[in-house]
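Working notes, structure below.
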Amino acid sequence: MNSMRIDKFLKVSRILKRRTVAQEACAGGKVAVNGRDAKPSHQVKPGDVVEISYAAGTLKFRVLAIKQTTKKDEANSLYEII
């Protein structure tokens with residue numbers, strides 16, 4: 001599998017705790033992929049740059065790998081913070 005929905009990726013990579021939180025963030029315009037606003041169903045693939053806007057600032061990272069499930073200690077291997 002070379003791509004995954006952005007809402008699922010955010011949950012699997014443990015950037016956001018729950019998929020519903022990820023869906024709300026996308027629907028609220030707080031998530032951008034490669035500089036464009038992303039809906040929850042937007043497909044991400046390795047190499048994509050994702051930016052999440054929080055009240056306290058932003059988090060920008062590059063997708064390195066796509067996996068359906070990960071262990072907690074391996075979750076940060078799916079992305080690198082820019």
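Put simply, the side chain of D37 never gets that close to the backbone of A32: no donor and acceptor are under 3.5 Å apart.
Listed here is the closest heavy atom pair of V12 and Q68: CG2-O, 3.4 Å. When every heavy atom of S13 is checked against every heavy atom of A75, the shortest pair comes out as O-CB, 3.5 Å. Closest heavy-atom contact between R19 and R5: NH2-NE, 3.3 Å. Here the closest non-hydrogen pair linking D48 and V44 is OD2-CA, 3.3 Å. In plain terms, the two heavy atoms of P40 and Q23 that are nearest each other are CG-O, 3.7 Å. The minimum heavy-atom distance linking P46 with I66 is given by the pair CD-CG1, 3.8 Å.
Evaluation of the ring pair (Phe, Tyr, Trp, His ring centres under 6.0 Å) test over residues 59-82, restricted to residues two or more places apart or in two chains, returns F61-Y79.
At a threshold of 4.5 Å between non-hydrogen side-chain atoms, the residues L78 and L64 do not count as touching.
The hydrophobic clustering, which links ILVMFWY residues whose side-chain heavy atoms are closer than 4.5 Å, places V50 and I82 apart.
The structure places CD1 of I81 at 13.0 Å from NZ of K60, a figure rounded to the nearest 0.5 Å. Taking CE from M4 and CG from L10, the interatomic distance works out to 10.5 Å, rounded to the nearest 0.5 Å. One distance of note links CG of N2 with NZ of K45; it measures 10.0 Å at 0.5 Å rounding.
By the ring-ring contact (aromatic ring centres under 6.0 Å, His included) test, F9 is found to be paired with no residue, residues two or more places apart in sequence or in another chain being considered. Remark: R18 pairs with no residue by the salt bridge (Lys or Arg N to Asp or Glu O under 4.0 Å) rule, at least two apart or across chains.
Screening H42, Q43, K39 for a side chain to side chain contact (heavy atoms under 4.5 Å, CB included) involving I6 leaves a single residue, H42.
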